[in-house]
Amino acid sequence: MTGPDTDTAGSAEDAEDALFVLTAVLLTPAQFPSVLGDDYPQACAALGLEPYAEGYGLVLGQDGTGARWTVVIDDVSLVAVAIASWDCGMEYDLSPDERTVVAGLPGWPLPLAVAAPGIPEPHDPVPGNGPDGAYEPSLLSPPDTDTWGPAQRRLGADEIALQWAAWREQIDDEETFAGAGGTPPHSGVRRVIEELHGYVDAPPPPGRVRSTFASGEARTLRADGPGWSVVARTDDIAFVLLDDEPGEVLPVGRGPELPGLLAALDKIAVRPA
């Protein structure tokens with residue numbers, strides 16, 4: 001396998017069989033493309049994979065004909081190092097050992113706007129022309145995010161988590177929070193809060209609640225459930241997104257209930273290694 005901006009030498013046949021790596025992502029209980037599901041087992045099911053506790057690395061690329069392929073490996077550390085290197089602007093030749101390859105899946109589960117230079121444009125592979133010959137798995141394709149629904153709702157929550165400061169600045173002291181103490185409760189938010197309490201009482205599937213670093217001693221929490229997503233900081237407020245309210249972001253004030261709930265969720269949340 002070759003990574004972005006690397007040169008490959010060899011015969012035309014070697015080039016056709018090679019996978020030109022475009023990117024890689026982690027698929028673990030603590031870090032997975034949330035667009036694929038509300039939790040880690042759902043994300044794995046979307047790819048036809050067993051929810052292996054240690055997780056996987058997903059390597060997305062093109063073969064020598066330009067066909068899209070996703071190679072699943074069980075060497076999570078290798079993919080993590082590659083991603084960290086690329087994020088720092090460093091070159092890294094992601095070349096997994098064949099013994100770590102779990103599956104070669106046709107297509108890409110995520111949208112990519114890049115392509116490998118010097119080969120045909122990305123296209124769906126033809127059975128029998130891929131690195132593993134004829135394929136049986138269904139062709140992977142990105143979830144539909146053109147209309148509001150679970151995938152777009154989860155992507156929206158991801159964006160809020162990444163741009164927390166910008167979203168938080170939009171909420172001032174005069175803001176009427178959805179379901180905050182002293183204000184009429186929002187029915188959808190109330191349901192979400194009740195289901196979050198249920199997570200504390202009976203831990204949900206891995207990945208339903210995730211905890212990552214935030215500034216200071218706080219943590220950023222991401223939680224998902226049927227029809228809803230939550231982004232919160234353990235020292236601040238929460239934002240709720242609902243399938244039933246397209247495009248709406250509902251802020252939830254701390255009040256007397258939220259601080260304890262967030263602290264309890266952080267204790268059961270999965271965290272990046």
Side-chain angles (χ1 to χ4, degrees), residues 1-4 6 8 13-87 92-112 114-116 119 122-143 151 154 205-208 210 224 270-273:
M1 296 183 183
T2 58
T6 59
T8 303
E13 183 177 351
D14 290 338
E16 183 172 327
D17 290 339
L19 184 75
F20 297 84
V21 177
L22 298 177
T23 191
V25 296
L26 292 174
L27 179 64
T28 70
Q31 294 176 274
F32 59 90
S34 60
V35 68
L36 299 179
D38 286 329
D39 53 47
Y40 174 64
Q42 282 188 12
C44 287
L47 305 181
L49 300 172
E50 292 295 323
Y52 175 53
E54 299 301 322
Y56 305 94
L58 305 181
V59 182
L60 282 62
Q62 296 173 261
D63 64 18
T65 71
R68 306 179 184 94
W69 287 89
T70 298
V71 175
V72 183
I73 67 174
D74 60 16
D75 192 342
V76 176
S77 297
L78 178 66
V79 172
V81 170
I83 294 172
S85 299
W86 296 336
D87 286 346
Y92 191 91
D93 183 7
L94 179 54
S95 300
D97 189 295
E98 291 185 2
R99 292 171 296 181
T100 69
V101 175
V102 176
L105 306 177
W108 294 336
L110 305 171
L112 295 183
V114 295
I119 62 175
H123 60 269
D124 293 339
V126 176
N129 288 353
D132 295 324
Y135 58 82
E136 294 181 1
S138 300
L139 185 71
L140 298 181
S141 60
R154 291 189 294 262
R208 281 285 175 101
R210 289 169 279 162
D224 296 281
V270 291
R271 305 185 177 205

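All heavy atoms count here, side chains included; hydrogens, waters and symmetry mates do not.
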What's the shortest heavy-atom distance between [X] and [Y], and which atoms?
X      : Y      : value
Cys44  : Tyr56  : SG-CE1, 4.2 Å
Tyr92  : Ala82  : CD2-CB, 3.5 Å
Pro96  : Leu78  : CA-CD2, 3.7 Å
Ala80  : Leu26  : N-CD2, 4.0 Å
Pro106 : Pro125 : CB-CG, 3.6 Å
Gly55  : Tyr40  : CA-OH, 3.3 Å

Close side-chain approach of [X] and [Y], heavy atoms under 4.5 Å:
X      : Y      : value
Asp97  : Asp75  : no
His123 : Thr65  : yes
Gln62  : Leu22  : yes
Val71  : Leu19  : yes
Thr23  : Val114 : no
Leu47  : Val72  : no
Pro109 : Pro142 : no
Arg210 : Ser34  : yes

Check: [X] side chain, [Y] main-chain N or O, donor-acceptor pair, under 3.5 Å:
X      : Y      : value
Arg208 : Pro205 : no
Trp108 : Gly61  : yes
Thr70  : Gly107 : yes

From [X] atom [atom1] to [Y] atom [atom2], the distance as rounded to the nearest 0.5 Å:
X     : Y      : atom1 : atom2 : value
Asp93 : Ser85  : CG    : OG    : 11.0 Å
Leu58 : Leu27  : CG    : CG    : 5.0 Å
Asp63 : Ile119 : CG    : CD1   : 7.0 Å

Practice item. Please report the C-alpha distance between Val102 and Ile73 in whole Å, then the side-chain angles of each, then the deciding distance to 0.1 Å, and finally whether the side-chain contact (heavy atoms from CB on, under 4.5 Å) criterion is met. Key: CA-CA 5 Å; Val102 176; Ile73 67 174; 5.7 Å; no
Review point. Any Lys/Arg nitrogen of Asp224 or Arg154 sitting under 4.0 Å from an Asp/Glu carboxylate oxygen of the other?
Key: no
